[in-house]
Amino acid sequence: MNTLIIIDVQNDFMPGGKLPVPAGDEVLPVINGLQPKFELVVSTQDWHPKGHASFATSHGASEFETIKINGLDQILWPEHCIQDSEGAQFHPELKTDRIESIFRKGTSPKIDSYSGFYDNAHLKSTGLSGYLKDKGASQLYFTGLAGDYCVYYSVKDALAEGFEVFLIEDATRPIDEKNFEKVKIDILRRGGKIIQSKDAPIF
Ligand code: VGL
Ligand code: ZN
């Protein structure tokens, strides 16, 4: 079954938000237009507790600096997507009536979670993989923010879990364009496909 996965289309990742993705709001009409074409639509939501380990403020360090936490590289982000805050809500223009389930991530205080499937150390599952398999989802079409972080890590995990994976390029935007170029090469190398929304099948 063809499934649309919407990653982190939240206020804090939009222009004017706490961790803005350039032109992040341009994905909204594209994702809204895609939703009716899919049998199953699911979403993730970045959902951090206050004082989360991924925040620069939690370490008295500079934003976008990389440090080691428990042996793992961690980019220190501005405080973003704090549970129940306005910034953590989906963008008001995102259509949500067809979203069957929302998988929250980044909830453990001490570890970040870019992927919608697992935290960055692959210690804890969100349950998304089992849910999709139980639903009979086999082709996953990824959209949302940010293309070079949460979308990319979700795509990598989906491929490792054995799903057929498509990245809908015009339905995502990266934090860093140069990084995204590398990410796309890696996705193709791992067996993912990159398509445009106009080429998404109608089911
Ligand atoms: C994300 C950085 C930190 C994302 C989430 O949704 O891509 N990036 N938290
Ligand atoms: Zn986050």
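Every number for a ligand or one of its atoms is a count from 1 in the order of the listing.
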Original post:
When Lys105 is tested against each of Leu128, Asp112, Asp8 for side-chain contact (heavy atoms from CB on, under 4.5 Å), which residue passes?
Top reply: Asp8
Original post:
Quick check: does Lys105 get an N/O under 3.5 Å from an N/O on ligand 1?
Top reply: no
Subject >> From the candidates Phe55, Tyr152, Trp77, Tyr153, the one that places a heavy atom nearest atom 2 (C) of ligand 1 >> reply: Trp77
Original post:
Judged by modelled atom types alone, do Gln35 and Arg98 share a side-chain donor-acceptor pair under 3.5 Å?
Top reply: no
Subject >> Asp8 N/O to ligand 1 N/O under 3.5 Å >> reply: yes
**OP:** Verify side chain to side chain donor-acceptor pair (under 3.5 Å) between Asp73 and Thr66, making sure each step is shown before the conclusion.
**Re:** CA-CA 6 Å; Asp73 274 351; Thr66 302; over 6 Å; no
**OP:** Report the C-alpha separation of Glu164 and Tyr141 in whole Å, then their side-chain angles, then the decisive distance to 0.1 Å, and conclude whether the side chain to side chain donor-acceptor pair (under 3.5 Å) test is met.
**Re:** CA-CA 9 Å; Glu164 192 180 352; Tyr141 290 76; over 6 Å; no
**OP:** Return yes when His80 approaches ligand 1 closer than 4.0 angstrom through a heavy atom, no otherwise.
**Re:** yes
**OP:** Give the numbers and elements of all ligand 1 atoms closer than 4.0 Å to a heavy atom of Tyr149.
**Re:** 7 (O), 8 (N)
Original post:
Based purely on interatomic distance, does Cys150 place a nitrogen or oxygen under 3.5 Å from a nitrogen or oxygen of ligand 1?
Top reply: yes
Original post:
Hey, does Ala146 come in under 3.5 Å of ligand 1, counting only N/O atoms on both sides?
Top reply: yes
Original post:
Identify the closest protein heavy atom to atom 5 (C) of ligand 1: which residue and atom is it, and at what distance?
Top reply: Asp46 OD2, 3.2 Å
**OP:** Could you tell me whether Leu145 approaches ligand 1 through its side chain, its backbone, both or neither, with non-hydrogen atoms closer than 4.0 Å?
**Re:** backbone
Subject >> Glu177 side chain reached by Glu181 side chain, heavy atoms, under 4.5 Å >> reply: yes
**OP:** Would you verify whether the NZ or CZ of Lys50 falls within 45 degrees of the ring axis of Phe55 while also being under 6.0 Å from that six-membered ring's centre?
**Re:** no
Original post:
Quick one: angle Asp46 OD2 - the Zn ion (ligand 2) - His80 NE2, to the nearest 10°?
Top reply: 90°
Original post:
Do you see an N/O/S atom of His48, backbone or side chain, under 2.8 Å from the Zn ion (ligand 2)?
Top reply: yes
Subject >> Short side-chain donor-acceptor distance under 3.5 Å, Asp186 and Tyr152 >> reply: yes
Subject >> Whether His80 side chain and Pro78 backbone form a donor-acceptor pair below 3.5 Å >> reply: yes
